[in-house]
Amino acid sequence: MADSLTITDNRTGETYELPIQYGTYPEYGAAIRCGELRNIKVSEDDFGLMAYDPGFTNTASCKSSITHIDGERGILRYRGYPIEELAEDFSFLDVAYLILNGELPDQSASETWESEITNHSMIHEKIKKFMEGFKYDAHPMGMLVSTVAALSTFYPESRNVEDPDVRALQIRRLVAKIPTIAAYAYRSNVGFPYSYPDNDLSYTGNFLSMMFKMTERRYRPDPALEKALDVLFILHADHEQNCGTNAMRSVGSSHADPYVSIAAAAAALYGPLHGGANEQVLRMLNEIGHVDRVPEYVKRVKAGEFRLMGFGHRVYKNYDPRATILKGMAQEVFELTGRNPQLDIALALEKIALEDEYFVSRKLYPNVDFYSGIIYQSMGFPVEMFPVLFAIPRTIGWLTQWQEMLEDGDQRIARPRQIYTGEDQRSPS
Ligand code: ACO
């Protein structure tokens with residue numbers, strides 16, 4: 001079997017042979033280079049054929065060795081390790097190290113990495129002042145997006161994106177500072193004084209402290225909730241070429257610095273069709289209000305009035321493996337926090353949807369956002385913080401993807417083509 005594609009252009013009768021490229025294994029993806037299509041022309045001065053793919057539903061924008069998803073089989077792996085095993089046995093920071101470096105850290109590397117991150121968790125006092133400028137009810141995701149972009153002005157050397165040492169420093173700064181900005185955004189909203197990082201706590205323990213510390217001298221996170229948040233962070237750390245990551249790579253491809261690139265990625269994540277969906281799920285469950293009203297709600301979804309938030313995925317045409325883990329984790333968290341009544345509505349909704357022909361035929365299953373919001377809410381996070389809680393762990397994924405893009409000799413500035421459908425040249429007279 002030849003690894004190529006033969007195309008006959010029926011306009012000209014010409015035949016073209018296009019080589020087929022593979023990932024690690026043929027079943028992990030096969031592709032032709034779209035650039036090859038440009039040779040397919042009807043005449044010498046013809047522009048050549050393009051590939052038309054709105055929403056990039058079938059376009060591989062890069063080669064990547066970070067995350068593997070098999071949407072049909074519900075598989076998610078970081079650097080080859082199944083998400084279930086990572087969530088069970090490792091800390092978020094160790095998984096972040098794995099995503100960035102390709103291998104899990106040994107104990108010494110793990111300790112060094114943790115202390116490097118911890119050393120950068122403070123933010124400049126002027127950033128704190130900057131954040132005080134937001135309106136009292138500013139959405140924390142808007143605050144995060146703007147503040148992380150503002151960090152760019154504090155670290156002008158970050159523009160030197162081609163220097164690996166400069167990149168390494170910005171990566172550590174960003175992974176460390178995003179939780180601090182996130183927690184400050186929350187405290188600003190509720191009117192509490194900002195709580196400085198506590199470097200003796202774990203990454204997630206410190207985040208909980210910055211969020212919820214009140215007058216106590218030392219905040220001690222509940223170990224079970226700290227672990228639950230750590231697992232949530234692991235599940236959200238990377239997800240290959242989603243809308244936010246695509247924004248990160250696209251903006252970063254112009255060699256913009258990583259702070260403004262992360263701001264762009266976080267802005268993409270904020271949308272209700274992406275990471276903003278977890279917030280929308282909770283609003284939807286509130287609107288439904290009672291298990292008895294679920295069938296009526298599903299009927300309206302099927303009538304096309306609105307979408308069932310937390311359902312469906314561009315890649316998963318099976319149960320999202322992250323949702324499976326979260327569904328189990330919800331029960332564990334509720335043993336500590338008390339059962340969230342929204343869970344009963346969510347379970348009823350899921351049951352009806354999974355049996356209904358509309359959802360079955362479209363392969364619509366719960367995605368990661370379906371259960372994460374209920375868990376966050378039970379842990380005491382307000383709904384507005386949900387997309388922010390997504391952005392914190394996704395930062396390492398964005399940065400690793402950005403670095404991979406910069407080191408990939410195939411990559412150039414992201415600049416798609418269009419099929420022009422407007423007027424031909426004309427004159428106003
Ligand atoms: N509720 C009802 N119908 C849906 C839903 C949904 N949640 N999702 C898709 N559909 C239907 C569409 O109406 C369409 O039906 P049709 O063929 O009759 O027109 C069909 O399923 C295919 O939908 P598309 O929009 O083409 O699927 P796409 O891959 O473009 O969209 C997306 C994926 C955006 C996630 C979509 O499923 C959706 O809007 N879901 C709700 C929002 C959500 O939960 N987003 C979080 C995704 S996970 C994440 O980003 C972390």
Side-chain angles (χ1 to χ4, degrees), residues 52-59 67 69 71-72 74-76 78 83 141 232-248 265-285 287-288 294-327 342 345-346 348-376 383 385-398 401:
Y52 177 57
D53 188 11
F56 309 129
T57 56
N58 194 36
T59 294
T67 293
I69 302 175
E72 294 298 328
I75 287 173
L76 169 59
Y78 299 153
I83 190 74
M141 195 62 174
L232 276 153
F233 278 9
I234 291 171
L235 300 184
H236 288 87
D238 192 51
H239 212 234
E240 52 120 303
Q241 306 313 313
N242 53 79
C243 183
T245 303
N246 184 56
M248 180 81 197
L269 185 73
Y270 189 11
L273 297 187
H274 191 11
N278 51 18
E279 188 177 341
Q280 299 306 323
V281 170
L282 252 285
R283 296 193 194 286
M284 173 184 79
L285 295 175
E287 194 189 324
I288 297 173
V294 168
E296 170 63 22
Y297 195 85
V298 170
K299 218 161 131 186
R300 291 174 67 194
V301 169
K302 286 163 61 178
E305 274 189 55
F306 37 71
R307 290 190 167 200
L308 198 54
M309 299 314 286
F311 257 72
H313 199 274
R314 171 61 60 77
V315 180
Y316 293 119
K317 300 302 169 199
N318 199 326
Y319 215 98
D320 181 336
R322 301 167 299 175
T324 313
I325 297 172
L326 290 180
K327 192 175 173 183
Q342 308 281 29
I345 302 174
L349 200 55
E350 181 189 314
K351 188 167 184 302
I352 291 183
L354 290 181
E355 286 166 359
D356 192 294
E357 201 278 329
Y358 175 94
F359 296 91
V360 174
S361 64
R362 289 170 178 77
K363 298 189 176 173
L364 299 171
Y365 292 86
N367 59 49
V368 67
D369 291 322
F370 194 66
Y371 286 107
S372 63
I374 306 173
I375 301 175
Y376 289 142
V383 174
M385 281 298 285
F386 295 178
V388 175
L389 289 161
F390 197 148
I392 295 171
R394 183 53 61 84
T395 298
I396 189 63
W398 287 329
Q401 299 269 353

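Hydrogens, waters and symmetry mates are skipped; everything else that's a heavy atom, side chains included, is used. When a ligand or atom number is given, it counts from 1 through the structure's own listing order.
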Item to check | Pairing residues for Val315 by the side chain to side chain contact (heavy atoms under 4.5 Å, CB included) criterion, not counting sequence neighbours | outcome: Ile69, His313

Next on the checklist: Any side-chain to backbone donor/acceptor pair from Thr395 onto Ala391? Under 3.5 Å, distance only.
Outcome noted: yes

Item to check | Contacts of type side chain to side chain donor-acceptor pair (under 3.5 Å), residue Tyr376, not counting sequence neighbours | outcome: none

Next on the checklist: Testing the basics here: between Ala237 and Tyr78, what is the closest heavy-atom pair and its distance to 0.1 Å?
Outcome noted: N-OH, 3.3 Å

Checklist entry - At a 4.0 angstrom heavy-atom cut-off, what protein residues surround ligand 1? => result Leu273, His274, Ala277, Val301, Arg307, Leu308, Met309, Gly310, Phe311, Gly312, His313, Arg314, Tyr358, Arg362, Leu364, Asn367, Val368, Asp369, Phe390

Item to check | side chain to side chain donor-acceptor pair (under 3.5 Å) partners of Gln241, counting only residues at least two apart | outcome: Arg249, Gln401

Checklist entry - Roughly how far, to the nearest 0.5 Å, is the NZ atom of Lys327 from the CD atom of Glu350? => result 3.5 Å

